[in-house]
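Step one of this worksheet: look at the structure below.
Just so it is clear: chains get the letters A, B, ... in the order the sequence lines come, proteins before strands, and each one is counted from 1. All values below come from the heavy atoms of this structure, side chains included, with hydrogens, waters and symmetry mates left out.
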Amino acid sequence: MIELDKVAMSYGGRTLFQDVSLSISPGSFHFLTGPSGAGKTTLLKLCSLELGAQSGHLKLLGQDVQGIDRDQIARMRRRIGVVHQDSRFVDHLSVAENVMLPVAVSGRSTDVSGDLGELLGWVGLADAAERTPPELSGGERQRVALARAIILSPEIVLADEPTGNVDWDMSLRLLDLLIELNRLGKTILCATHDLNLIRHAKSRVSARVLRIKDGAVALAGAGL
Amino acid sequence: MSRLRDFLIGDPTATRIVPPSGFTAVLTIASAAAMAFLAVFAIALHLATGELAARWEAELAGTATVRIPASENAEADAAAVLTALSQTPGIVEARRLTDEEQLVLLAPWFGDGVPLDRLRLPVLIEVLETDAGPDVTGLSERISAEAPGAVYDNHSRWRVPLANAASRLRQLGAVSLLLIAGVTAVTIALAASSALAANGQVIDVLRIVGARDGWIAAAFTRRFTMRAFAGALGGTIIGMIAVALVPGGVETGVLSGLGFDGLQWLWPLLVPFVAAGLAFGATWVAAARRLKEDG
């Protein structure tokens, strides 16, 4: 599903990864953790094709993404849902329109729009469809971002510190949504520095933890 | 055709992606309106000067005047000149102007009731030429020989400069239209580029959710094309009203021809469509370049 083979990445003259290789299988749930600035966000951006690897190979959904053109990148992104810590929206569009953006850009018009109400209900925002993003709280924004990320039923969901700006109760609620998605067969890769959240998740789902540190990514042990 | 329909109708969300208001919206609509207003006047000028040149050409081409100085022999000279003209190839008809006709010609300068019998006036002969016309040099020499001091004037001395002036004005009208089109395209391209720069967040969001550059460019292009069309339509309507209100001047004056007549009113109606076409091209190029630069 996601395969990195000797991927290297440096940023601002500093090496973030060196020869990172890892494989994330379909339907798995992985946390990515590590200190601030270790490269969690960069690794997720590589996986969402927002950045290109400086060396090595990245395979997504069975396809080597080395050298694919911009249209192919766009098509690939429709199969990968992304939730950022500071999820951005088109502020003058309503929540419903923002959630439907992936549908609009993919050219699908009606086949999934009927699910919108159900999806907003699932993230607990059934009554927020006509509000605009600036009117939402941090937790609501993250749930809208999650709804937008999965409207096209992507195979992979990447979440970058999705609980970074919300309180513990909201963090658990977002985690519940990710766990539920995983149970529906989605591959989840969630970057977080919140070890409590990881411990809580591991008590409920079979999640693996990848630790990124000093330019290397390694599977963390049971004690994190 | 279906692509044009798709473009015009578009996806409702895509149409709303570009913020509906703001500096670039005002700039696009206002500049399109102003340029359309000017374009209507440039078209009117182009048509008016074209008609003026054609009218001057038509009214005076193929005619000439022989002017015989007033003298005791003027009558005999006129008869000799008329005989010479009747024998000259390229002349259809020649006739001496009557006193009444000379009075009409003098009236603008001296008023009615000029005592012709007390004035020493030249004798005027009106000549109608064939399309090919006579050998003007040879004819002038012969007329001078028959009537010393007589002049064969085919009006080219002042007709040609007037026609040239009208032609130049017509060219200026065309150049003005080109300049207006160029300025419109550049202004809208700058506005679109500025809008793309100001909406970096929107573009980032669209890319994250899988939008192709072509889709993003089309969304901006559609919005700017519609804005340019709306602005140009307003400017065109105001321009047409303004042209309709231009007061008529002297019948033969330039200003009296500045306007549209009959089917000519259809020409300015093309302006909004041309403006929309320019906006489409300018925005598409600006958007494609900007999106490529942004990576």
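Contact record, B/Ala211 with A/Ala74: O-CB, 3.7 Å, taken as the closest heavy-atom pair.
The main-chain N or O of B/Arg207 is found under 3.5 Å from a side-chain atom of A/Arg77 such that the two form a donor-acceptor pair. Formation of a donor-acceptor pair under 3.5 Å by the A/Arg78 side chain with backbone atoms of B/Gly210 is found in this model.
Contact annotation for A/Arg79: neither backbone nor side-chain heavy atoms come within less than 4.5 Å of a heavy atom of chain B.
Under a cut-off of 6.0 angstrom, the local environment of CG in B/Asp261 is sparse, with at most 12 non-hydrogen atoms contributed by other residues, nucleotides or ligands. Atom CH2 of B/Trp267 sits in a sparse spot, with 12 or fewer heavy atoms from other residues, nucleotides or ligands closer than 6.0 Å. Annotation: A/His193, atom NE2; neighbour count of heavy atoms from other residues, nucleotides and ligands within 6.0 Å does not exceed 12. Applying the 6.0 Å contact sphere to CZ of B/Arg289 captures no more than 12 heavy atoms from other residues, nucleotides or ligands. Around CG of A/Leu184, the count of heavy atoms belonging to other residues, nucleotides or ligands within 6.0 Å exceeds 12.
Distance check: A/Leu158 CG to B/Ile208 CD1 gives 11.0 Å after rounding to the nearest 0.5 Å.
A/Leu93 places a side-chain heavy atom less than 4.5 Å from the side chain of B/Ile17.
Contacts from residues 198-206 of chain B to chain A, taken as heavy-atom pairs separated by less than 4.5 Å, involve B/Gln201, B/Val202, B/Asp204, B/Val205, B/Leu206 in sequence order.
Applying the side chain to side chain contact (heavy atoms under 4.5 Å, CB included) test to A/Leu51 and every residue at least two apart in sequence or in another chain returns A/Met9, A/Thr42, A/Lys45, A/Leu46.
The list of side-chain hydrogen bond (donor to acceptor under 3.5 Å, both in side chains) pairs with a residue in residues 123-136 of chain A, not counting sequence neighbours, reads A/Arg131-A/Glu140.
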Return a table of donor-acceptor pairs under 3.5 angstrom between the side chains of residues 80-87 of chain A and protein atoms on other chains or two or more places apart.
{"from": "A/His84", "atom 1": "NE2", "to": "A/Glu50", "atom 2": "OE2", "distance (Å)": "3.2"}
{"from": "A/Ser87", "atom 1": "OG", "to": "A/His84", "atom 2": "N", "distance (Å)": "3.3"}
{"from": "A/Ser87", "atom 1": "OG", "to": "A/His84", "atom 2": "O", "distance (Å)": "2.8"}
{"from": "A/Ser87", "atom 1": "OG", "to": "A/Gln142", "atom 2": "OE1", "distance (Å)": "3.4"}

